[in-house]
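The structure appears right after this line, and notes come after that.
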Amino acid sequence: MNERQHKWLERAQKDMQTASHLFYDHHPRQLEILCYLCQQAVEKALKACLVLYDGEFPLIHECRKLCELCARHDTMFEVNLIDCARLTPYATQARYPENEEITEEEALVAVQAAQRVVDFCATKIMQNEGN
């Protein structure tokens, strides 16, 4: 793994670790923050993969679009499209108080979806190291 990929993936994993901690170990739960961190984790993990495939990525925050770009290189990324679409709104929804409150059920879904995508990206990157 090159240094740039490593940095993106490491930050994704740290965001995911923090989101998980906020959901499972912190009370009262900070749902907006942890959902935002879930979106950020997935965005960064996908950008790590785009560094692997393209060396670059667009400066966007739409996880679904980033996943679609990864799928151009490896169609297996398509299994993540629903999770990525589900997480994309948290890039902004969680930051603005005018938006609807996030429920604990929605937060659990976000944590689980983000973990799946981050783990998937980490596996793809590790597999590439073996080649």
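In this text the structure is predicted, and so the values were computed from the model without any measurement. Residue numbers start at 1 and run along the sequence shown.
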For the pair [X] (side chain) and [Y] (backbone), establish whether a donor and an acceptor sit closer than 3.5 Å, ignoring hydrogens and angles.
X: His61; Y: Cys63; value: no
X: Asn80; Y: Asp83; value: no
X: Arg29; Y: Phe23; value: yes

Any chain of hydrophobic side-chain contacts (each under 4.5 Å) joining [X] to [Y]?
X: Phe57; Y: Leu52; answer: yes
X: Phe77; Y: Leu81; answer: no
X: Val109; Y: Phe120; answer: no

Inset, instruction - Identify the two heavy atoms, one from Thr88 and one from Gln39, that lie closest to each other, and give their separation to 0.1 Å. - result: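 So the minimum-distance heavy-atom pair works out to O-CG, 4.0 Å.
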Legend entry - Least distance between heavy atoms, Leu31 atom then Ile102 atom: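 Nearest pair, atom of Leu31 first, then Ile102: CD1-O, 3.1 Å.
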Legend entry - Arg72/Glu68 salt bridge by N-O under 4.0 Å criterion: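 Salt bridge flag = no for Arg72 with Glu68.
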Inset, instruction - Please determine if Arg4 and Glu56 form a salt bridge, counting it only when a charged side-chain N lies under 4.0 Å from a carboxylate O. - result: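 Looking at Arg4 and Glu56, the cut-off is met.
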Nearest 0.5 Å, please: how far is [atom2] in [Y] from [atom1] in [X]?
X: Glu43; Y: Ile60; atom1: CD; atom2: CD1; answer: 8.0 Å
X: His21; Y: Gln30; atom1: NE2; atom2: CD; answer: 10.5 Å
X: Cys38; Y: Ile33; atom1: SG; atom2: CD1; answer: 12.0 Å
X: Glu3; Y: His6; atom1: CD; atom2: NE2; answer: 6.0 Å
X: Asn128; Y: Ile125; atom1: CG; atom2: CD1; answer: 8.5 Å
X: Lys47; Y: Gln5; atom1: NZ; atom2: CD; answer: 15.0 Å

Inset, instruction - Check step by step if side-chain contact (heavy atoms from CB on, under 4.5 Å) holds for Glu62 and Leu66. - result: CA-CA 6 Å; Glu62 298 171 44; Leu66 293 168; 5.9 Å; no
